[in-house]
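Following: one structure in structure tokens, then a few remarks.
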There are 2 protein chains.
Amino acid sequence: MPDSPPPGRRERKKAATRQAIADAALELFLEHGFDRVSVRDVAERADVSTTTLFAHFPSKEALVFDREQDVDAALAAAVRERPEEQGVVEALRAHALKSWVPIVTDPRRADFTALVGDTPALREYGERMWMRHADTLSAVIAEELDREPDDPACAALARFVLEIPALTAGRQDPRATVETVFDLLLHGWHAQAGPADGPASAQAGRG
Amino acid sequence: MPDSPPPGRRERKKAATRQAIADAALELFLEHGFDRVSVRDVAERADVSTTTLFAHFPSKEALVFDREQDVDAALAAAVRERPEEQGVVEALRAHALKSWVPIVTDPRRADFTALVGDTPALREYGERMWMRHADTLSAVIAEELDREPDDPACAALARFVLEIPALTAGRQDPRATVETVFDLLLHGWHAQAGPADGPASAQAGRG
DNA sequence: TGAGGAACTGCAACTGTTCCACTTTCTGTC
DNA sequence: GACAGAAAGTGGAACAGTTGCAGTTCCTCA
């Protein structure tokens, strides 16, 4: 995270432009709604050309998530640098509780959360954002456990963990949901559903 | 599935138009690639206006998946009408093996599968297509087990099961992958990773 | 100090998608 | 059998996201 030497004027200006665009975008989106603001509007507010805008952000949706950044690295680190004796699933649980839950529950970001939650395009983009880290996470898990890089169980675990943000979105108690999901991942449906796994005979209603 | 009475000329013509569009699209996409064919090209080949094209399909991607149809119903039925004594997870496993795996492995669809696999837009659209059934499946599972409709464990299970097509895509042995993933879901990571869950101390490499 | 490159601009074009007003074709009903 | 009304289709314009291009300005670094 240390930007070691003085970054130089050019890079500072570039960063400033990028920030100006992101700020303008968020401001306009929060005020009028994502769909009623055009990319050209954002560019104009930030006083740049649309070409410049797209030189900094790959898409309109990306304007909102200008901090996609180092989720990848944090995720990998959470697994690699876990305490001795802690399993990977527990490490991921801790990471989720410590780094993800606060973001969703922070009241200062309520309006931002609402913007994303109320805009299908943004919700989808956000979910997809998480999934983009599945390959990295899968590889790290496999590496930590001395398995083949494409081990299907590791791939599955990675994707399932990255589903969690989507699963907790819009729930009253994200923390509890996270716990439930991790218990499921760790001990399996069989354990959490009771030994009988809810056979069909237990219920009344049927087709 | 029975279109009981004679469908009437109008409906037949409509179906024919729709089919002509889908055929033209697939033909052009397979020949030149999804990204190098415009919607206007497809419309022209099918001899309709783009307006008509979008009256039949909600998006360019949808042209490829003109059979999204009754996955929802089949999924719900697989759970509801499972044999006595079979758990929901086992029912879903059976469904996946019987209904999903053959589609991916069918050699007659190799070129189609390749088209989707090689086109990011299509792969994403396909994955999202599956996830659209998560709410239905979650509700059915909860209902079968007498739980709250928004039970987080049911929601998680549903989403995880629907991740399976994405997880098996492009693998050499989809069948084995499906089995592995269901074992993970059923018995948990703890069971499949061994009792120690691979604590950090087991490995050498560390950050 | 000067060369080269990066950031930015303006504009035009392309593509997916929607809107509009209008024609054709079918269907159900008196 | 004629007719009202709905449904399907048309053509074209327009909008919004995105990209390409040629040219300008401004840093950086040797």
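Please read all numbers here as calculations on a predicted model, not as lab measurements. In what follows, every chain begins at residue 1, and chains take the letters A, B, ... in the order their sequences are listed.
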Salt bridge flag under 4.0 Å for residues A:Arg159 and B:Glu127: yes
Any protein N or O atoms within reach of nucleotides 7-9 of chain D? Criterion: under 3.5 Å, listing atom names and distances.
{"from": "D:dA7", "atom 1": "O4'", "to": "B:Arg10", "atom 2": "NH1", "distance (Å)": "3.3"}
{"from": "D:dA8", "atom 1": "OP1", "to": "B:Lys14", "atom 2": "NZ", "distance (Å)": "3.1"}
{"from": "D:dG9", "atom 1": "OP1", "to": "B:Thr17", "atom 2": "OG1", "distance (Å)": "2.6"}
{"from": "D:dG9", "atom 1": "OP2", "to": "B:His56", "atom 2": "NE2", "distance (Å)": "2.7"}

How long is the line joining CD1 of A:Ile21 and C1' of C:dC8, in whole Å? 10 Å
Determine whether a donor-acceptor pair (N or O, by modelled atom type, separation under 3.5 Å) exists between the side chain of B:Thr119 and the backbone of B:Ala121. no
Atom pair CD/CG of B:Glu163 and B:Leu185 - distance to nearest 0.5 Å: 10.5 Å
Ignoring hydrogens and geometry, is there a side-chain-to-backbone donor-acceptor pair from A:Thr52 to A:Val48 under 3.5 Å? no
Could you run through nucleotides 14-22 of chain C and give me one letter per nucleotide, 5' to 3': B if any protein heavy atom sits under 4.0 Å from the base, S if only the sugar-phosphate is that close, - if neither? -BBBBBB--
Within the structure provided, determine whether B:Phe65 and B:Ser59 are in side-chain contact (heavy-atom separation under 4.5 Å). no
Is the backbone N or O of A:Leu115 less than 3.5 Å from a side-chain atom of A:Asp118, with the two atoms forming a donor-acceptor pair by type? no
In short, the helix from C:dT1-D:dA30 to C:dC30-D:dG1 is bent end to end, axes from five pairs each side, to 10°, by 20°
Can you measure B:Glu11 atom CD to C:dT25 atom P for me and round it to whole angstrom units? 19 Å
Roughly how many Å is it from CG in A:Asp41 to P in D:dT18, rounded to a whole number? 14 Å
A:Arg12 CZ - C:dC8 P separation (whole Å): 14 Å
With sequence neighbours excluded, what pairs up with A:Arg132 under the salt bridge (Lys or Arg N to Asp or Glu O under 4.0 Å) test? A:Glu68
Relative to B:Phe34, does B:Lys60 satisfy both conditions: NZ or CZ under 6.0 angstrom from the six-membered ring centre, and within 45 degrees of the ring's axis? yes
Inter- and intrachain pairs under ring-ring contact (aromatic ring centres under 6.0 Å, His included), touching residues 131-168 of chain A, at least two apart: A:Phe160-B:Phe160
Does any pair with a residue in residues 91-110 of chain A pass ring-ring contact (aromatic ring centres under 6.0 Å, His included), and if so which ones, sequence neighbours excluded? A:His95-A:Trp100, A:Trp100-A:Trp130
